[in-house]
2 protein chains.
Amino acid sequence: MEKLDGLKLENQLCFPLYACSKEIIRRYKPLLNELDLTYTQYITMMVLWDKKEINVKTLGEKIFLDSGTLTPVLKKLESKGYIERNRASDDERNLIITITKKGENLRNKAKNIPQKVGKCVNLSEKEAMELYKLLYKVLGKF
Amino acid sequence: MEKLDGLKLENQLCFPLYACSKEIIRRYKPLLNELDLTYTQYITMMVLWDKKEINVKTLGEKIFLDSGTLTPVLKKLESKGYIERNRASDDERNLIITITKKGENLRNKAKNIPQKVGKCVNLSEKEAMELYKLLYKVLGKF
DNA sequence: ATAAATTAAATTGTGTACAATCTAATTGTT
DNA sequence: AACAATTAGATTGTACACAATTTAATTTAT
């Protein structure tokens with residue numbers, strides 16, 4: 001019985017995960033360039049398209065990023081006019097992110113991106129759903 | 001028939017992929033800290049443990065990184081004494097990365113890392129294999 | 001044989017990512 | 001009330017990640 005080499009790149013789950021994540025993000029890049037958004041800015045906007053208003057902490061929990069990453073991203077999105085940053089009046093520690101009209105409008109330009117990216121992923125509907133479920137199962141453990 | 005909102009974070013494959021990749025790498029961090037390696041340095045060393053010698057271009061193709069990322073990583077690994085960087089005598093454009101004795105020795109300290117990380121991923125053997133296959137299927141398309 | 005094209009790394013510039021620390025606001029405790 | 005503890009963001013420092021450009025070596029085409 002051949003012993004599998006645990007320290008080979010190909011035998012670890014983490015590596016295809018890491019590679020796959022990067023490669024898919026690379027597929028988004030040309031589409032996001034047209035909207036002048038980076039991938040991180042895009043997932044931030046997706047949350048705002050859904051929620052309209054959210055504080056930095058809750059946003060960070062949703063997209064797995066801390067204030068060290070988010071602060072510059074949000075300042076950038078503010079400078080582009082897609083969001084506003086205001087302290088909550090009832091608790092000045094909280095920074096409330098609000099989507100602007102311009103930010104809302106961006107949604108129309110973005111709406112066919114998921115479909116376009118989906119097309120260049122070589123999986124059947126069923127496989128994609130299976131992958132989706134497995135990934136969320138792994139995430140659930142954390 | 002309810003139409004699925006394609007622009008919701010939860011309905012896109014890319015997001016759980018991105019989140020999962022980061023969360024798994026986070027699991028590695030404390031273990032890699034003991035070896036004074038970052039994740040990128042670790043996957044680089046994994047290739048070298050396997051190959052002993054490789055040029056930057058081939059290495060980059062294996063781990064999906066370009067010279068812009070690899071040059072500083074390799075200089076760092078060289079400064080730690082794990083690798084050597086030398087131009088190929090037959091074609092001076094090529095930089096040959098060679099593992100050192102010290103780099104070889106690091107392998108022993110690393111050998112139980114995959115198993116430890118595997119334990120904190122909430123998947124059965126069968127599910128992990130399924131996930132593995134789906135990820136490589138996606139990567140295969142590129 | 002030499003100029004043009006190609007190739008491999010390195011460099012530069014922008015944008016994450018995240019640990020650690022800092023600051024200010026709020027809450028809990030005595 | 002007053003001080004300690006907690007909390008939310010911002011800041012700092014290190015390390016990727018990658019596009020675009022540059023440099024030097026090699027190959028191709030004339």
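Lettering follows sequence order; numbering is per chain, from 1.
For the atom pair Glu130(B) CD and Glu127(A) CD, the distance stands at 8.0 Å (nearest 0.5 Å). Atom-to-atom distance recorded for Gln41(B):CD and Lys76(B):NZ is 6.5 Å, nearest 0.5 angstrom. Separating the NZ atom in Lys102(A) from the CD atom in Glu84(A) is a distance of 12.5 Å, to the nearest 0.5 Å. Atom CG of Asn94(A) sits about 11.5 Å away from atom CD1 of Ile54(A), to the nearest 0.5 Å. Interatomic distance, Tyr132(A) OH to Leu17(B) CG, rounded to the nearest 0.5 Å: 11.5 Å. Atom CD of Gln12(B) is separated from atom CD1 of Ile24(A) by 10.5 Å, given to the nearest 0.5 angstrom.
The aromatic rings of Tyr42(A) and Tyr28(A) lie tilted to each other, with the angle between the two planes from 30° to 60°.
A rotation axis mapping the C1' atoms of four pairs onto the next four is fitted at both ends of the helix from dA1(C)-dT30(D) to dT30(C)-dA1(D) over five pairs, and the angle between these axes is 10° to 10 degrees.
Between Asn112(B) and Leu31(B) the shortest side-chain heavy-atom distance does not fall below 4.5 Å. The shortest side-chain heavy-atom distance between Ile97(B) and Val47(B) does not fall under the 4.5 Å cut-off.
Between Asp91(B) and Asp91(A), the residue anchored closer to the 5' end of DNA chain C is Asp91(B), taking for each the nucleotide with the nearest heavy atom. For the pair Arg87(B) and Lys22(B), both in contact range of DNA chain C, the more 5′-proximal nearest nucleotide belongs to Arg87(B). Comparing Lys29(A) and Lys75(A) by the nucleotide of DNA chain D that holds the closest heavy atom to each, the one mapping nearer the 5' end is Lys75(A). Annotation: of the two residues near DNA chain D, Thr69(A) and Tyr18(A), the 5′-most nearest-nucleotide partner is Thr69(A).
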Between the protein and nucleotides 5-7 of chain C, list every N/O to N/O distance that falls short of 3.5 Å.
from: dT7(C); atom 1: O2; to: Arg93(B); atom 2: NH1; distance (Å): 3.3

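Ile96(A) and Trp49(A) are not part of a single hydrophobic cluster, where members link through side-chain heavy atoms under 4.5 Å apart.
Counting non-hydrogen atoms under 4.0 angstrom, Thr40(B) reaches the backbone sugars and phosphates but no base. Leu65(A) comes within 4.0 angstrom of sugar-phosphate atoms only, judged by non-hydrogen atoms across all strands, and of no base. In this structure, Asn33(B) reaches neither bases nor backbone, as no heavy-atom distance under 4.0 Å exists between it and the strands shown.
Following rounding to the nearest Å, Tyr39(A) (OH) and dT16(C) (P) show an atom-to-atom distance of 12 Å. Ile25(B) places its CD1 atom 12 Å from the P atom of dA19(C), with the value rounded to the nearest Å. Between the CD atom of Glu78(B) and the P atom of dA9(C) there is a distance of 15 Å, given to the nearest Å. dT16(C) atom C1' lies 13 Å from atom CG of Leu74(A), rounded to whole Å. Taking atom CG of Leu37(A) as the reference point, atom C1' of dT14(C) lies 15 Å away to the nearest angstrom. Per the geometry, CG belonging to Asp90(A) stands 14 Å off C1' belonging to dT27(C), to the nearest Å. The CZ atom of Arg26(A) sits 17 Å away from the P atom of dT16(C) (whole-angstrom rounding). Nucleotide dA8(C) holds its P atom 19 Å from the CG atom of Asn86(B), rounded to whole Å.
Within 6.0 Å of the NZ atom in Lys52(B), the count of heavy atoms belonging to other residues, nucleotides or ligands exceeds 12.
Protein chain B touches strand DNA chain D; the 5'-most and 3'-most nucleotides with an atom under 4.0 angstrom of its non-hydrogen atoms are dA15(D) to dT26(D).
Using a cutoff of 4.0 Å between basic side-chain nitrogens and carboxylate oxygens, Glu23(B) and Arg26(B) are scored as salt-bridged.
Phosphate proximity of dA10(C) to Arg85(B): present, with a side-chain N or O under 4.0 Å from OP1 or OP2.
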